[in-house]
Every structure is written in C-alpha cells, then in structure tokens.
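Every chain is numbered from 1 and lettered A, B, ... according to where its sequence line falls, protein lines coming before strand lines.
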Amino acid sequence: MSEWQRKSPLEWQTYVNKEVKVTAAEKHEYKGWVLTIDPVSANVVLVKLVEDGKVCVSVILGHAVQKVEIVNEGDDEMKERLAHLFMPEESKAYGH
Amino acid sequence: PISISTMGCGNEADLEQEQQARVALRERYLRSLFAMVGHTIHFTMYERVNVSAFFDASDIDILNFQVSDLQTPLGVHREALLRCSDIISYTFEL
Amino acid sequence: TTRRSVQPPAERPGERRMAEMKKLYGVGAAKIQAMETAMQLAFDRNCDKKQPKYWPVIPLKL
C-alpha cells in the first residue's frame, strides 16, 4: 500500500476544496478541485468547471496516485459550489 | 483497505472527528458514483489502454465497475466488468 | 456461576457488518450503509442478469 492509501480520513480531508496537481502512474498528471477522497479506495475525485455551467470530473484511483500537491487553497465560493455538486436535495433548496 | 490507523489510540473526541471526516468523504464519493450511472465514462488504464463505456454500478469495496457498451481498441462489448486495479483514472462530464 | 452455552453466540453477518460500520462511521453509519447497499444491490442484480465478463480477460496490472 502506498503512502497516499495509508493516510487517515483527517489527513485526506485537508485536501478537500483545494486545487491540486496529482501525479499518477505512467506519468499521468491531473489538475482540479478536490471534491473528495474515498476513504475506502483512496480514489481522488477532481472537479473542473467548464463552460455552460458544466463540470468535468476526473477520478484518480488511489493505487495509482504517486503525489498530490496543493496549488490553490481555494475560497468559500468554490467550497459552496463543490458542496452542492451531486447533492440533489440541497441544490433544490439552494434554488429557492 | 480502510484506514484505522488512528483508532484505538486517541480519545473519544478524536475518534468522533475521524468518523465524521470518513462519513463526509465517503458520502461525497458514493454520490459521485450514483451521478455516473447511465453516463459515458472514459477510462485511462495501465499500458496506455483507453476505453469508454456506460457506467452501471460498482461494488462497495470499489474493486469492480460493471459497465455496458464498452468501446475497446479491439471492438465493443455489450456487457463487461472492469477491474479497478487495471484503471489509472476515469473521467466524465456532467 | 454463569452458565456457558455449548453453542457459539448466534451472530448474523449483517450484525457484524453493522458493528464494523459503526466503528468506522459512528452516527453516520446507517446513512452510509443505506447508500452502499443500494449500489451493491444494483451491482449484484446486473451481474446476475447480464453475466458480464472481465475486460481485459487478463489483468493489465499484476
């Protein structure tokens, strides 16, 4: 198991809502905002906001993660947007 | 492999904090899986293999993805299982 | 003196899993388990019905 997979939920949580650069197996690189890290698989869910309010989601498998660097600490607005992504009941309440 | 590294050596408050973090992280991940159902997902696999498929379901240990209409370099498979250990990343748009 | 039963304590797998979930997720265990059950149920049902095969047949990463 890699160092990334061995982290605790509290350690993973420090990456949530921040913009990161992930270096993965076979020299793949990903950049995006951390929505979550699955505590079971250590999979990293990255979100990128693209045009027309669309979002592009990239998930890097925990076993393939080599390095995660924080490039932007983020702000409350981004935190809000990420909190409402995939949350049906809350996004409904948000619209009222 | 769930981390229980900090369990048993901290106090109640530490344990609760870790549980809350685990709930928040896991809930967001499970919701992302539900959001993928019926969408085309692009998979980047080891050995530079790239495929795409409709996502149907995952087992809860995140070891296997059950997909349909899997487009591979060698043809299409109507139904398939992907091993998560073969996958480096997956991407989708919403 | 306490009477010891010859039978091991009756324990159902579901109970043990709930105990593990409680340890990991605390008060959020039931919520997480409900979501996990829904996903696993869909997975099991589809695998039964569609009999998907592994692709690729041989794992890419051993």
> Among C:Met35, C:Gln40, C:Met39, C:Lys31, single out the residue with the greatest number of heavy-atom pairs under 4.5 Å to chain B.
C:Met39
> Taking every non-hydrogen pair under 4.5 Å, which of B:Arg83, B:Glu16, B:Met45 racks up the most with chain C?
B:Arg83
> Give me the atom names and distance for the closest heavy-atom approach of B:Asp59 to C:Phe43.
N-CD1, 3.6 Å
> For each of B:Val67, B:Leu82, B:Asn64, tally heavy-atom pairs with chain C at distances under 4.5 Å, and name the one with the top tally.
B:Asn64
> Counting heavy-atom pairs closer than 4.5 Å to chain B, which one of C:Pro52, C:Gly26, C:Ala29, C:Pro56 comes out on top?
C:Pro52
> Pick whichever of B:Ala80, B:Ser58, B:Ala21, B:Ala24 has the most heavy-atom pairs under 4.5 Å with chain C.
B:Ser58
> Hey, is C:Glu20 close enough to C:Arg16 for a salt bridge, meaning N to O under 4.0 Å?
no
> When rounded to the nearest 0.5 angstrom, what is the spacing between CD1 in B:Ile87 and CZ in B:Phe65?
5.5 Å
> side-chain contact (heavy atoms from CB on, under 4.5 Å) between B:Gln19 and C:Lys22: does it pass, once the steps are laid out?
CA-CA 9 Å; B:Gln19 287 172 338; C:Lys22 261 252 139 39; over 6 Å; no
> Measuring from B:Leu70:CG to B:Ile41:CD1, what's the distance to the nearest 0.5 Å?
12.0 Å
> Of all the heavy-atom pairs spanning B:Thr40 and B:Ser52, show the shortest one and how long it is.
CG2-CB, 4.2 Å
> Go through the atoms of C:Lys50 and report whether side chain, backbone, both or neither lie under 4.5 Å from a heavy atom of chain B.
both
> If you tally heavy-atom pairs under 4.5 Å against chain B, which of C:Thr37, C:Val57, C:Asp44, C:Val27 wins?
C:Val57
